[in-house]
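Taking it in order: structure first as structure tokens, then the write-up.
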Amino acid sequence: MPQTEAQGAGAGGISGNGTARLRLRWWTELPLILLVYGAYSAGRLLARGDVTTAVGHGLDILRVEKALNLNLEHPLNRLFTAHTSIGVPADFWYASLHYVVTPLVLIWLFRSRAVHYAAARTWLMVSTLIGLIGFTLMPTCPPRLLEKSHGFVDTMAQYSDWGWWGGQASAPRGLGGMTNQYAAMPSLHVGWSLWCGVVLWKYGRTPLLKTIAVAYPLLTTVVVMGTANHYFFDALAGVAVMGLGLLLVRPVRNAAARVKARLQPVIATALAARGNGSAARPEGASVASSVAKAPAESSNVSGGCQTSAGERIPHQRKLGAEPGVGSGAAGKPAGKPRGSKGGRPAGRAADTGDGAAATARGTART
């Protein structure tokens, strides 16, 4: 998944209107999402509560719904129980789409609507953590776990032979004891499906996406009640949690921006100190190399004769400057060989060189 840069993303709401610049990378987003989901799952297991209290909360909800003629769970549950063609797909829906559709919408938003991704992701995470608070404060027994006298049938247990789930919960067989079956209030199945619906409706451009945006949360609400996993009030609570999470998006993002602004100087200082430490090593190495090369570039001293840098014999450059003895571009003797016609007499050149060498030796002795 490529790095994403976008202009116009701010801290306001799901639309992300503003002027901040986003630099989102999947290798930073994925650990963040997994961390929040891991904390949510662990907290959900720890917030089991007392069974008697959870059953009492479930019966209280059922009594209030019956008093308000909002008891939609009973007729839906009878329909799902009587018709396998409805009950089995509904169980697959409940056990699967909660964990498939939400990540897919996140990925789609990240890749195609990156300017709105950060705000939508914050909305989902904040709402999920609020739901965890609801599980902790109000453990609730779902309709399927009430006594049979209340008229509910656990369709997940009835059709467990059709899927991978066991009779205890929507978890895989043998792992039912690792789930909190009394985390029914609020229904995050409904909450997450509502998040997906709003995102697809707001940013989807095709009629198909618009249709899915409306159908997915509505059908999820019907499924959670027909399978006897949630009450109607649980679904309403899931909607309320998402609404509260949406209101908290701006404050949470502003707080995160302030924390980031305070941490940036500290991180920059640490990185600068690390960079200076690593840069000091090549500098020291260059000094050492220059010291090591210094003897090779110094003058050669032998037998009282001193040559300049780049010379192999004394006064090589002075001799080379004379006509007929100078060096060419490649440093080789130019002109004709000694003794040839038109050239300098060989004896004169030798005398000149011997006299210069003798003078140099006398000067060195003095």
Side-chain angles (χ1 to χ4, degrees), residues 1 4 6 8-9 12-17 29 33 37 70 72-73 75-77 79-80 82-128 131 155-156 159 162-163 165 170 186-247 249:
M1 196 177 299
T4 305
I14 183 178
S15 61
N17 296 326
E29 284 298 312
I33 294 172
Y37 182 75
L70 295 175
L72 304 177
E73 303 91 293
L76 287 174
N77 183 241
L79 177 66
F80 284 27
H83 300 278
T84 305
S85 59
I86 299 177
V88 171
D91 286 341
F92 274 98
W93 186 295
Y94 183 85
S96 305
L97 296 189
H98 183 58
Y99 305 103
V100 175
V101 176
T102 308
L104 288 179
V105 173
L106 267 174
I107 295 172
W108 170 79
L109 192 63
F110 180 84
R111 294 181 62 89
S112 61
R113 303 290 186 272
V115 69
H116 307 293
Y117 169 82
R121 176 253 290 151
T122 303
W123 177 27
L124 179 64
M125 290 183 175
V126 171
S127 302
T128 300
T155 61
M156 301 292 292
Y159 301 120
W162 291 78
W165 57 85
S170 60
S187 171
L188 287 185
H189 274 75
V190 174
W192 285 14
S193 66
L194 177 63
W195 178 87
C196 294
V198 172
V199 169
L200 292 176
W201 178 268
K202 191 172 182 64
Y203 306 121
R205 295 177 180 176
T206 65
L208 177 61
L209 289 179
K210 298 288 186 181
T211 302
I212 295 175
V214 175
Y216 180 56
L218 291 178
L219 289 177
T220 299
T221 302
V222 173
V223 164
V224 300
M225 290 189 293
T227 56
N229 280 283
H230 290 281
Y231 304 96
F232 178 65
F233 278 8
D234 294 344
L236 293 181
V239 174
V241 163
M242 299 307 296
L244 180 58
L246 181 61
L247 294 177
V249 169

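Nothing fancy with the numbering, it's 1 onward along the sequence.
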> Do side-chain atoms of S193 reach the backbone of V190 as a donor and acceptor pair under 3.5 angstrom?
Replying inline: yes

> Between A95 and Y99, which heavy-atom pair has the shortest distance, and what is it?
Replying inline: O-CD1, 3.7 Å

> Aromatic rings H230 and Y94: how do their planes relate, parallel, tilted or perpendicular, breaks at 30° and 60°?
Replying inline: tilted

> Do you know the tightest heavy-atom contact between A90 and F80?
Replying inline: CB-CE2, 3.4 Å

Side-chain polar contacts of residues 217-225 - donor-acceptor pairs under 3.5 angstrom, sequence neighbours left out - could you list them?
from	atom 1	to	atom 2	distance (Å)
T220	OG1	W93	NE1	3.1
T220	OG1	Y216	O	2.8
T221	OG1	P217	O	2.8

> Of the non-hydrogen atoms in L200 and W108, which two are nearest, and what is the gap between them?
Replying inline: CD2-CZ3, 4.0 Å

> What closest approach, in Å, do L70 and F233 show between heavy atoms, and which atom pair accounts for it?
Replying inline: CD1-CE1, 3.9 Å

> Is there a side-chain contact between L124 and L106, using heavy atoms and a 4.5 Å cut-off?
Replying inline: yes

>> Just verifying a value: how many Å separate H116 NE2 and R121 CZ, rounded to the nearest 0.5 Å?
In response: 14.5 Å

> Is the F110 ring parallel, tilted or perpendicular to the Y117 ring (thresholds 30°, 60°)?
Replying inline: perpendicular

>> Checking the side chain of D234 only, and the main-chain atoms of P186 only, is there a donor and an acceptor separated by less than 3.5 Å?
In response: no

> How close do M242 and S127 get, heavy atom to heavy atom, and via which atoms?
Replying inline: SD-CB, 3.4 Å

>> For a quick check under 3.5 Å, do T128 and W192 share a side-chain donor-acceptor pair by atom type?
In response: yes

> Any side-chain heavy atom of N77 sitting closer than 4.5 Å to one from T155?
Replying inline: yes

>> When you measure from the side chain of W201 to the backbone of V214, do you find a donor-acceptor pair of N or O atoms at a distance under 3.5 Å?
In response: no

> So, for E73 and Y231, which heavy atoms are closest and what is the spacing to 0.1 Å?
Replying inline: OE2-CD2, 3.1 Å

> Between the main-chain N or O of A120 and the side-chain N or O of W195, is there a donor-acceptor pair closer than 3.5 Å?
Replying inline: yes

